[in-house]
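Single-structure report; data block below.
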Amino acid sequence: MDKLVSVIVPIFNSENYLQQCINSIITQTYKFLEIILVDDGSQDASGEICEKAKLYDSRIKVIHTNNHGVSIARNIGLEYSKGELILFCDADDYIHYDMIHIMVRTLQKNNCDLVICGRTNIKQESYKPIGLGYEGILKLEQCIQGVLCDDRILGSVCNKLLCRKLIGEVYFRPEITHCEDTFFLKEILIKKQVLTAFCIDRPMYYYRQSESSATNNVLKLFDEQSNLKYNNTYLKMLKKFQLSDNIQKIVQGKICSVSIYTLFRYNSILTYECRSKLLYYIKKYIYCYFSCSAFTKKAKCKSLLYFCGALIKLLGGIIRDGKDSIC
């Protein structure tokens, strides 16, 4: 017997792409769906698009709320959902017409808790397919490791079909504004003693990458204390969860690699305080990162180049403008 799949779509001002997203779900070859559209206080035509879609497909439920952010919108979707299986899809993304069918059959055939597929990145209408590079079973420790540091598996919930029993009472935490997906996945995985996940190499989730400017992005990346918000999330993982030595080292390495990349990319527009915090965590965890086998040699080489580039920029600032001006 087919299992009911609840597809949860959090929506905020997504009128440009929402119809494509909805169409990709209602035309799935797997028909036993409930489609929960959570309009998170949109100020454009997104709410109207949802209401019109509901008239044409009885499987669609529309929930309108005040704007509280993607985490609360997803939590509302989970609360209203009835399916044994859960799939998340962001409103500006879409999915392959056979994605749910393939993932459900894979889950049933392999008696899994979780199925993961590849994705295609879309940027300025260019398409970059990214397979998982592997097809088969992942055990619990491998799955946690993949969520944390494999850019193909990702820390996103959107390329994953999850059993409701796996989620249990876990919810998205609205106070976490960056890497909230990774934290959610980490929390549900860390509670499991035994887990089986299955990787499907094929890219079936279409992820649209935003085109926000670097200046706008950097203002949102740091909190009022000049801490990188991504690092705040990873530090909270270290504090909240009982992690194995291996996973703890991966989280610490992730803090280092994210700090290096941010320092390199946004060096010219960072404040002294932001740079200082990034350099502090790079220094603290750089050994963890470069000694951890979970990160590939290619990733480490790239990080090393980024770090050298950032240092050159910092030294250039010292020579050009004097010590105080670089910070």
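Given the structure is predicted, the values throughout are model-derived calculations rather than measurements.
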- Decide yes or no for I11 and V38: does some side-chain heavy atom of the first lie under 4.5 Å from some side-chain heavy atom of the second? no
- Query: Salt bridge check: are E34 and K82 linked by an N-O gap of less than 4.0 Å?
  - Reply: no
- Query: With a 3.5 Å cut-off and no angle check, do the side chains of D93 and Y205 form a donor-acceptor pair?
  - Reply: yes
- Task: Report yes if the side chains of C112 and I137 come closer than 4.5 Å at any heavy-atom pair, otherwise no.
- Result: yes
- Smallest separation among heavy atoms of L4 and L33, with atom names: CD1-C, 3.7 Å
- Message: So, taking the atom named CD1 in I102 and the one named CG in L161, what distance separates them when rounded to the nearest 0.5 Å?
- Response: 12.0 Å
- Item | Separation of E84 CD from L162 CG (nearest 0.5 Å) | 14.0 Å
- Side-chain H-bond candidate by donor/acceptor type, K220 with T177, under 3.5 Å: no
- Query: Regarding S303 and Y289, is there a side-chain donor-to-acceptor distance under 3.5 Å anywhere?
  - Reply: yes
- Give a yes-or-no answer on whether the side chains of N75 and E79 include a donor-acceptor pair shorter than 3.5 Å. no
- Query: Quick one: do L154 and L185 end up in the same hydrophobic cluster if we chain Ile, Leu, Val, Met, Phe, Trp and Tyr together by side-chain heavy atoms under 4.5 Å apart?
  - Reply: no
- Query: How about T233 and E180: does a side-chain donor come under 3.5 Å of a side-chain acceptor?
  - Reply: no
- Message: Under 6.0 Å between ring centres: does that hold for F264 and F307?
- Response: no
- Task: Give a yes or no on whether K229 atom NZ has more than 12 heavy-atom contacts from other residues, nucleotides or ligands under 6.0 Å away.
- Result: yes
- Task: Inspect the surroundings of OH in Y56 and state if more than 12 heavy atoms from other residues, nucleotides or ligands are less than 6.0 Å away.
- Result: no
- Query: Where is the tightest heavy-atom contact between Q145 and I250, given as atom of each residue plus distance?
  - Reply: CG-CD1, 3.5 Å
- Message: Main chain of I95, side chain of S24: is a donor-acceptor contact present, judged purely on distance under 3.5 Å?
- Response: yes
- Message: Are more than 12 heavy atoms, taken from residues, nucleotides or ligands other than F290, located less than 6.0 Å from that residue's CZ atom?
- Response: yes
- When you check the side-chain N and O atoms of N232 and D223, is any donor under 3.5 Å from an acceptor? yes
- Query: Just by modelled atom types, is the G41 backbone N or O under 3.5 Å from a matching donor or acceptor in the N66 side chain?
  - Reply: no
- Message: Does this structure show an ion pair linking D2 with R105, if we count only N-O contacts that are shorter than 4.0 Å?
- Response: yes
- Item | Y97 backbone acceptor or donor facing Y94 side chain under 3.5 Å | no
- Message: Applying side-chain contact (heavy atoms from CB on, under 4.5 Å) to L304 and C301, what does each step give before you reach the verdict?
- Response: CA-CA 5 Å; L304 185 59; C301 288; 5.6 Å; no
- With side-chain contact (heavy atoms from CB on, under 4.5 Å) as the test, would you mind laying out the steps for L221 and Y266 before giving the verdict? CA-CA 10 Å; L221 287 177; Y266 299 111; 3.3 Å; yes
- Query: Does any N or O in the side chain of D201 come within less than 3.5 Å of the main-chain N or O of G133, such that one atom is a donor and the other an acceptor?
  - Reply: yes
- Polar side chain donor-acceptor pair, S14 to D92, under 3.5 angstrom: no
- Task: Grab the two heavy atoms, one from Y234 and one from V251, that are nearest each other, plus how far apart they are.
- Result: O-CG1, 3.5 Å
- Item | Polar side chain donor-acceptor pair, H64 to E51, under 3.5 angstrom | yes
- Item | Y30 to R59 - nearest heavy-atom pair and separation | O-NH1, 4.4 Å
- Taking only Lys NZ, Arg NE, NH1 and NH2, and the carboxylate oxygens of Asp or Glu, determine whether R173 and E187 approach each other closer than 4.0 Å. yes
- Does Q248 use its side chain to pair, donor to acceptor, with the backbone of Q242 at less than 3.5 Å? no
- Item | Residue E135 excluded, over 12 heavy atoms near CD under 6.0 Å | yes
- Task: Mark yes when over 12 heavy atoms from residues, nucleotides or ligands other than K236 sit less than 6.0 Å from its NZ; otherwise mark no.
- Result: yes
- Query: Strictly by modelled atom types, are R265 and N267 linked by a side-chain donor-acceptor pair under 3.5 Å?
  - Reply: no
- Message: Using ring centroids (six-membered ring only for Trp), state whether F241 and F183 fall under 6.0 Å.
- Response: yes
- Considering non-hydrogen atoms only, spot the tightest contact between K160 and L87 and give its length. O-CD1, 3.4 Å
- Task: Could you tell me whether the side chain of D39 and the main chain of I63 form a donor-acceptor pair under 3.5 Å?
- Result: no
- Message: Using only atom types and a distance under 3.5 Å, with no angle test, would you say the side chain of E273 pairs donor to acceptor with the backbone of S226?
- Response: no
- Approximate separation, where rounding is to 0.5 Å, of N16 CG and D44 CG: 7.5 Å
- Message: Does I255 form a side-chain contact (heavy atoms from CB on, under 4.5 Å) with L235? I'd like the steps, not just the answer.
- Response: CA-CA 8 Å; I255 293 171; L235 289 166; 3.7 Å; yes
- Message: Centre-to-centre under 6.0 Å for F88 and F172, is that the case here?
- Response: yes
- Item | S291 and K249: CA distance, side-chain angles, deciding distance, side chain to side chain donor-acceptor pair (under 3.5 Å) verdict | CA-CA 9 Å; S291 65; K249 192 173 182 180; 3.1 Å; yes
- Note on the structure: d(M103 CE, Q28 CD) to nearest 0.5 Å is 10.5 Å
- T196 and D113: side chain to side chain donor-acceptor pair (under 3.5 Å), yes or no, with the steps? CA-CA 6 Å; T196 301; D113 304 289; 4.8 Å; no
- Would you say Q225 has more than 12 foreign heavy atoms packed within less than 6.0 Å of its CD? yes
- Would you mind checking if R74 and D90 are paired as a salt bridge, meaning a charged N to carboxylate O distance below 4.0 Å? yes
- Item | Spacing of K284 atom NZ and L279 atom CG [to the nearest 0.5 Å] | 14.5 Å
- Would you tell me whether S81 and R164 have side-chain atoms, one donor and one acceptor, within less than 3.5 Å of each other? yes
- Task: Report yes if the side chains of V147 and K186 come closer than 4.5 Å at any heavy-atom pair, otherwise no.
- Result: no
- Message: Go through it in stages, so that I can follow the logic: the residues are T120 and K128, the test is side-chain contact (heavy atoms from CB on, under 4.5 Å), and I'd like the CA-CA distance, side-chain angles, deciding distance and then a yes or no.
- Response: CA-CA 5 Å; T120 295; K128 182 181 179 181; 5.6 Å; no
- Message: Using only atom types and a distance under 3.5 Å, with no angle test, would you say the side chain of D40 pairs donor to acceptor with the backbone of G69?
- Response: yes
- Report whether Y230 and V70 are members of the same hydrophobic cluster (ILVMFWY, side-chain heavy atoms less than 4.5 Å apart, transitive linking). no
- Task: Would you kindly say whether N231 and S259 are connected by a side-chain donor-acceptor distance under 3.5 Å?
- Result: yes
- Check for a donor-acceptor pair, side chain of K300 on one end and backbone N or O of C292 on the other, with a separation under 3.5 Å. yes
- Item | Atom pair CD/CG of Q209 and N121 - distance to nearest 0.5 Å | 4.0 Å
- Query: If we only count heavy atoms from C-beta on, is the L270 to F222 side-chain gap below 4.5 Å?
  - Reply: yes
- Message: Please check this pair: side chain of N13 against backbone of Q43, looking for a donor-acceptor N/O pair closer than 3.5 Å.
- Response: yes
- Message: For K191, I'd like to know if atom NZ has over 12 heavy atoms of other residues, nucleotides or ligands within 6.0 Å.
- Response: no
- Message: With heavy-atom distances below 4.5 Å as the criterion, would you say the side chains of Q20 and R208 are in contact?
- Response: yes
- Message: Could you report the tightest heavy-atom contact between S46 and E15, atom names first, then the distance?
- Response: OG-N, 3.2 Å
